[in-house]
Amino acid sequence: QVQLVESGGGLVQAGGSLRLSCAASGRTISSYAMGWFRQAPGKGREAVATISWGGGGTSYVDSVKGRFPISRDNAKNTVYLQMNSLNPEDTAVYYCAAGRIPTLRATYDYWGQGTQVTVSS
């Protein structure tokens with residue numbers, strides 16, 4: 001079992017930045033692909049970014065490309081999402097996930113509880 005705990009969410013003005021962290025416990029994440037997803041009020045869960053086991057491969061949804069780099073530190077068992085140039089459409093609960101395949105599909109095995117990100121205009 002892998003337990004995931006997200007942190008770093010909050011309220012920020014449009015144009016600002018936040019860095020989300022996802023701390024894992026129970027197992028090392030070095031053998032897992034990791035992903036960030038989000039769910040806005042009244043909408044379904046959508047992928048944001050994924051990163052492969054060693055960090056060499058990343059994928060992003062078009063709406064965040066160039067703004068939200070994903071990274072991982074396997075020694076710290078932690079994954080990060082740096083969110084830059086935030087806009088109100090980025091407002092959502094952000095979830096961290098761990099799985100076998102780095103995919104933008106929501107087919108991961110383990111999920112965190114989420115952290116709220118609110119961007120004011």
- Query: So, is the end of the Arg45 side chain (NZ or CZ) under 6.0 Å from the ring centre of Trp111 and within 45° of the ring's axis?
  - Reply: yes
- Message: Would the distance check show the side chain of Thr91 and the main-chain N or O of Thr118 forming a donor-acceptor pair, the cut-off being under 3.5 Å?
- Response: no
- Message: For the OH atom of Tyr94 and the CD atom of Gln116, what is their distance to the nearest 0.5 Å?
- Response: 9.5 Å
- Task: Check for a donor-acceptor pair, side chain of Arg72 on one end and backbone N or O of Ile29 on the other, with a separation under 3.5 Å.
- Result: yes
- Taking every non-hydrogen atom, the tightest pair across Arg27 and Gln1: NE-N, 3.4 Å
- Task: Please confirm whether Arg38 makes a cation-pi placement over Tyr95, using NZ or CZ under 6.0 Å from the six-membered ring centre and within 45° of the ring normal.
- Result: no
- Task: Using side chain to side chain contact (heavy atoms under 4.5 Å, CB included) as the criterion, point out the one residue from Val79, Ile70, Val48, Val117 that pairs with Leu20.
- Result: Val117
- Message: Test your reading of the model: is there a side-chain donor-acceptor pair from Gln39 to the backbone of Gly44, 3.5 Å cut-off?
- Response: no
- Query: Between Gln3 and Tyr110, does a side-chain contact (heavy atoms from CB on, under 4.5 Å) hold up when you go through it step by step?
  - Reply: CA-CA 7 Å; Gln3 291 79 44; Tyr110 304 102; over 6 Å; no
- Flag yes if Val61 and Leu81 sit in one hydrophobic cluster, no otherwise; membership is Ile, Leu, Val, Met, Phe, Trp, Tyr, and two members link when side-chain heavy atoms are under 4.5 Å apart. yes
- Message: So which atom in Thr28 and which in Ser31 form the shortest heavy-atom distance, rounded to 0.1 Å?
- Response: O-OG, 4.0 Å
- Message: Contact between Asn84 and Pro69 at the side-chain level, heavy atoms closer than 4.5 Å - yes or no?
- Response: yes
- Is the backbone of Val64 close enough, under 3.5 Å, to the side chain of Asp90 for a donor and an acceptor to pair up by distance? no
- Any link between Met83 and Val93 through a network of hydrophobic side chains (Ile, Leu, Val, Met, Phe, Trp, Tyr) touching at under 4.5 Å? no
- Contact summary for Gly56 and Ser52, nearest pair of heavy atoms: N-OG, 3.4 Å
- Side-chain touch Tyr80/Asp73, heavy atoms, less than 4.5 angstrom: yes
- Note on the structure: Nearest heavy-atom contact between Thr50 and Pro102 is OG1-C, 4.3 Å
- Message: For Tyr108 and Tyr32, I'd like to know if the aromatic rings sit close, meaning centre-to-centre distance below 6.0 Å.
- Response: no
- How far apart are the closest heavy atoms of Ser17 and Ser85, and which atoms are they? OG-N, 4.3 Å
- Message: Contact between Leu18 and Gln82 at the side-chain level, heavy atoms closer than 4.5 Å - yes or no?
- Response: no
- Assess the pair Trp36 and Phe68: is the distance between their ring centroids shorter than 6.0 Å? no
- Message: Using side-chain contact (heavy atoms from CB on, under 4.5 Å), reason through Cys96 and Met34 one step at a time and then give a plain yes or no.
- Response: CA-CA 7 Å; Cys96 174; Met34 302 296 295; 3.7 Å; yes
- Message: Could you check whether atom CD of Gln113 has more than 12 heavy atoms from other residues, nucleotides or ligands sitting under 6.0 Å from it?
- Response: no
- Item | Pair Asp109-Arg100, side-chain contact (heavy atoms from CB on, under 4.5 Å): steps then yes or no | CA-CA 8 Å; Asp109 300 310; Arg100 296 298 180 182; 3.7 Å; yes
- Task: Check for a donor-acceptor pair, side chain of Asn77 on one end and backbone N or O of Ala24 on the other, with a separation under 3.5 Å.
- Result: yes
- Would you name the heavy atoms of Leu104 and Ala47 that are closest together and state the gap between them? O-CB, 3.0 Å
- Query: Does Ile101 offer a backbone N or O that forms a donor-acceptor pair with the side chain of Thr103 under 3.5 Å?
  - Reply: no
